2 protein chains.
Amino acid sequence: MTSPGAATAPSKRGRGEKSSATIYDIAKLAGVNPSTVSRALSKPGRVSAKTQKIIEDAAEQLNYQVNPFARALPTGRTQTIGLIVADITNPTFFDIIRGAETTGSARDYTLVLAESAESPETEVTAARRLLSTVDGLILASPRMDDDHIRALSADKPVVVINRQIDGVPCVVPDVNKGISEAVRSLAANGHTNLAYVAGPAQSWMTGRRWEGVKAACEWSKLGAVRLESSKPTVDGGRQVARDVLDSGATAVITYNDLLAIGLMQELQAGGMRVPDQISIVGFDDIFGADFTTPALTTVRSPLGECGTRAVTILLDVLQGHDAPDEAVSVETELVVRGSSGRLLA
Amino acid sequence: MTSPGAATAPSKRGRGEKSSATIYDIAKLAGVNPSTVSRALSKPGRVSAKTQKIIEDAAEQLNYQVNPFARALPTGRTQTIGLIVADITNPTFFDIIRGAETTGSARDYTLVLAESAESPETEVTAARRLLSTVDGLILASPRMDDDHIRALSADKPVVVINRQIDGVPCVVPDVNKGISEAVRSLAANGHTNLAYVAGPAQSWMTGRRWEGVKAACEWSKLGAVRLESSKPTVDGGRQVARDVLDSGATAVITYNDLLAIGLMQELQAGGMRVPDQISIVGFDDIFGADFTTPALTTVRSPLGECGTRAVTILLDVLQGHDAPDEAVSVETELVVRGSSGRLLA
DNA sequence: CAATTTTTGGCAACCGGTTGACAAGGGTGG
DNA sequence: CCACCCTTGTCAACCGGTTGCCAAAAATTG
């Protein structure tokens with residue numbers, strides 16, 4: 001076998017002798033032309049049932065697997081979708097990643113993951129790099145500006161999660177339902193003054209949520225103030241505790257659960273009783289939100305479903321369907337746990 | 001431009017007119033042969049400094065980017081590594097994913113992610129599928145058997161995390177240090193009987209950790225019993241609470257943090273005070289382990305570092321270095337928080 | 001049964017790089 | 001001045017599929 005040009009053997013490879021039979025090997029075995037093999041294996045109905053069978057058997061026998069690169073080269077199709085998240089350490093994205101991976105692999109697509117580390121520049125770079133190797137791209141809570149996203153979107157299908165951009169398919173949780181449930185519940189429990197702890201300024205969602213809170217409070221005749229946090233983390237939540245107390249609010253809704261958890265820890269450390277003296281409502285319902293004591297009441301944002309929906313839209317577009325013209329909205333809902341309740345003045 | 005064979009324009013593409021200049025375009029612009037361009041761009045020093053410069057300028061001007069598929073086809077190199085995790089929802093893997101992604105992208109490799117959903121069969125399928133498109137593969141806490149892993153490893157470089165397999169490079173936390181710290185700390189706090197809550201039988205790690213606990217308890221002259229859990233989750237932890245109480249142990253070390261959290265919740269719900277009446281020590285130090293009240297004492301397993309190390313080894317192997325012959329071990333350490341302490345009989 | 005249409009398979013070009021073989025050009029030493 | 005060697009660019013084959021075009025074969029129709 002060391003002689004050059006091994007005659008009948010399927011094309012050899014570096015070391016593993018198992019892999020890599022080619023359509024040429026199949027063609028030889030089946031006694032047809034390689035192009036016929038290609039058609040039999042990808043174009044349904046293009047060849048007669050008889051030859052189809054012969055070829056399939058030969059492929060089976062040789063343990064054939066298409067070479068994705070060889071296919072991608074002329075067609076551009078890679079059976080791959082890219083997902084870019086702002087921060088892999090942020091549990092908010094865990095569910096999105098999971099939803100996307102699961103849905104993608106159910107439809108035979110592989111997920112390629114990249115992180116922007118919260119930097120718009122890194123994000124653009126990563127997006128460009130990925131874009132050349134995937135069939136489509138999903139941007140979860142993107143940090144780059146709208147124009148960059150539109151530019152990417154002109155190249156290949158792009159779906160955005162957690163942000164709304166005209167002309168680009170988006171999946172955006174409709175925060176209003178969850179927020180109004182939360183505010184109504186707080187009002188019913190005797191609260192009259194509410195504080196909203198905002199997230200990072202460059203997050204599109206933080207504004208959206210504040211709008212929702214403001215509107216719901218007006219409707220329920222609650223006072224609402226907006227407080228700023230230094231960063232949307234547990235630590236940020238701790239730091240904002242002072243402002244919360246100063247604000248005089250007895251109920252707080254935070255931009256995300258991490259802030260809520262930090263805030264609750266700090267308030268409890270200062271001797272406040274939750275929810276007897278102050279109610280805290282988080283946002284998202286991340287993993288671990290129910291680990292706290294009391295467990296965190298929160299507005300659940302169906303992150304996993306966002307991932308799923310985004311992939312579904314993307315794959316549909318890839319199959320030639322039209323993208324929905326409007327942002328797809330998924331519902332949020334209040335999850336009542338122990339951190340909110342009646343005010344015991 | 002509708003006329004066929006557009007003459008001078010760089011090769012056109014579906015719609016986006018920006019992307020995809022080829023080495024042929026560069027060659028034409030620079031007045032050299034395409035192969036020279038290829039060499040200038042990949043083989044350092046193969047062409048003269050002068051032509052190198054000319055070509056680089058031309059590439060710059062045309063905004064050239066290699067076509068990864070065209071490159072992968074003849075060479076097999078894809079600048080891509082695959083990572084397979086047992087369960088994307090399990091926070092244990094979050095840090096691994098993150099470590100791998102970060103380290104990979106720092107060395108210009110893209111991470112491709114797949115999940116086995118805890119099923120050995122799915123895992124093998126996913127592994128095979130990925131293997132054909134990546135340069136190397138990382139298996140985090142694999143569920144498939146050793147032989148399958150060795151088979152994969154014969155095809156392309158494979159690195160395993162959280163399991164030790166002869167002949168395959170592995171990254172395995174050395175649990176002994178962390179465990180003995182934990183046991184010593186418990187002994188010093190007056191505990192004499194300890195229970196270990198085990199994880200799933202097919203997990204290599206659960207046995208390893210039990211060995212460590214047993215040995216450390218012998219050394220510190222503590223009694224040690226092993227209890228089985230139905231599943232390594234919060235729920236599984238709740239269910240095992242009964243057995244823990246029955247065992248008479250006043251200190252518990254669990255296979256992972258999720259079990260510890262569930263166990264603590266259930267015990268507290270039953271009126272037990274932690275750590276006054278019972279001490280609980282988890283394993284891994286996952287995200288959220290410090291959200292509980294009291295915060296969870298745990299043996300930290302440096303998951304992120306495991307991801308990083310695994311990628312480093314993999315990329316080194318890909319560059320022709322030898323893999324370490326022995327399993328690479330990373331240190332574990334005890335993180336003392338509130339859930340363990342002195343026994344107040 | 002011949003004429004016509006529809007299937008079906010083959011040919012060959014192409015996707016965009018990589019690389020072994022080779023020859024022209026340039027430099028060195030005898 | 002010539003032989004020899006090294007550097008550098010070119011040629012051409014190749015990686016493994018896909019696809020437009022054409023002709024042979026089969027099926028349909030009058």
Side-chain angles (χ1 to χ4, degrees), chain A residues 4-6 10-14 19-56 58-59 62-79 132-133 135, chain B residues 4-6 9-14 16 19-56 58-59 62-79 132-133 135:
Chain A
S11 71
K12 70 284 155 190
R13 178 63 98 210
S19 61
S20 75
T22 72
I23 58 169
Y24 297 92
D25 300 324
I26 298 179
K28 208 177 298 173
L29 187 64
V32 298
N33 188 283
S35 61
T36 306
V37 175
S38 172
R39 289 195 177 101
L41 264 29
S42 41
K43 298 268 190 300
R46 178 62 223 280
V47 303
S48 69
K50 202 176 58 199
T51 34
Q52 177 88 25
K53 176 102 179 58
I54 298 177
I55 289 172
E56 276 171 1
L62 292 175
N63 190 344
Y64 170 78
Q65 296 177 231
V66 293
N67 178 323
F69 310 117
R71 173 172 291 177
L73 189 46
T75 63
R77 279 180 266 121
T78 67
Q79 293 286 103
S132 65
T133 66
D135 289 349
Chain B
S11 72
K12 72 286 157 190
R13 177 63 97 210
S19 61
S20 75
T22 72
I23 57 169
Y24 297 92
D25 300 325
I26 298 179
K28 207 177 300 173
L29 186 65
V32 297
N33 188 286
S35 61
T36 306
V37 176
S38 173
R39 291 203 172 91
L41 264 27
S42 40
K43 299 265 188 301
R46 177 65 223 285
V47 303
S48 69
K50 202 175 59 198
T51 34
Q52 177 90 25
K53 175 101 178 60
I54 297 177
I55 289 172
E56 276 170 1
L62 292 175
N63 190 343
Y64 171 78
Q65 294 178 233
V66 292
N67 178 324
F69 309 117
R71 173 164 357 218
L73 190 46
T75 62
R77 280 180 267 121
T78 67
Q79 292 286 101
S132 64
T133 66
D135 289 349

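Proteins get letters first, then strands, A, B, ... in listed order; numbering begins at 1 in each. In this text the structure is predicted, and so the values were computed from the model without any measurement. Side chains are part of it too, since the values below use all heavy atoms of this structure and drop only hydrogens, waters and symmetry mates.
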Could you go through nucleotides 22-26 of chain C and list every protein N or O atom that sits under 3.5 Å from one of its N or O atoms, giving the distance for each pair?
none

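- Nearest-nucleotide assignment on DNA chain D puts the 5′-proximal partner with Q52(B), out of T75(B) and Q52(B).
- Side-chain N/O atoms of T51(B) include none lying less than 4.0 angstrom from OP1 or OP2 on dT8(D).
- The distance from the CD1 atom of I26(A) to the CD1 atom of I55(A) is 8.0 Å, given to the nearest 0.5 Å.
- As judged by a 4.0 angstrom heavy-atom cut-off over every strand, Y24(B) is placed among the base-contacting residues.
- One can place CG of N67(B) at 6 Å from C1' of dG16(C), the figure rounded to the nearest angstrom.
- Per the geometry, CZ belonging to F69(B) stands 15 Å off C1' belonging to dT18(D), to the nearest Å.
- Distances were taken from every side-chain heavy atom of I23(B) (C-beta onward) to each of dG16(C), dG9(C), dT18(C); the shortest belongs to dT18(C).
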Show me the side-chain donor-acceptor pairs of residues 35-43 of chain A shorter than 3.5 Å, one per line, residues at least two apart or across chains.
residue, atom, partner, partner atom, Å
S35(A), OG, N33(A), OD1, 2.8
S42(A), OG, S38(A), O, 2.7

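- Here K53(B) pairs with D57(B) under the salt bridge (Lys or Arg N to Asp or Glu O under 4.0 Å) rule; sequence neighbours left out.
- Under the side chain to side chain donor-acceptor pair (under 3.5 Å) criterion, S132(A) pairs with no residue, sequence neighbours left out.
- Note that the CD1 atom of I23(B) and the CG atom of N67(B) stand 10.5 Å from one another [nearest 0.5 Å].
- Between the axis at the start and the axis at the end of the helix from dC1(C)-dG30(D) to dG30(C)-dC1(D) there is an angle of 40°, using five pairs per end and rounding to 10 degrees.
- Rounding to whole angstrom units, CG of residue L73(B) and P of dC15(D) are separated by 9 Å.
- With values rounded to the nearest 0.5 angstrom, D25(B) atom CG is found 3.5 Å from T22(B) atom OG1.
- Of all the heavy atoms in A21(A) and Y64(A), the pair that sits closest is O-CD1, 3.0 Å.
- Nearest nucleotide to the side chain of S48(A), out of dT8(C), dT18(C), dT8(D): dT8(C).
- An OP1 or OP2 oxygen of dT19(C) is reached within less than 4.0 angstrom by a side-chain nitrogen or oxygen of K43(B).
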Exercise answer: donor-acceptor pairs, residues 71-79 of chain B side-chain atoms, under 3.5 Å, sequence neighbours excluded:
residue, atom, partner, partner atom, Å
T75(B), OG1, R71(B), O, 2.5
T75(B), OG1, R77(B), N, 3.1
T78(B), OG1, T80(B), N, 3.4
T78(B), OG1, T133(B), O, 3.3
T78(B), OG1, D135(B), OD1, 3.0
Q79(B), OE1, Y109(B), OH, 3.2
Q79(B), NE2, D108(B), O, 3.2

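- For the pair D25(B) CG and dC15(C) C1', the interatomic distance rounds to 13 Å; values are reported in whole Å.
- Using a 4.0 Å cut-off, some side-chain N or O of R77(A) falls inside it from OP1 or OP2 of dT19(D).
- Applying a 4.0 Å cut-off to non-hydrogen atoms, the residues of residues 30-39 of chain A that approach DNA chain D are S35(A), S38(A), R39(A), listed by residue number.
- For dG17(C), one of the phosphate oxygens OP1 or OP2 lies less than 4.0 angstrom from a side-chain nitrogen or oxygen of Y64(B).
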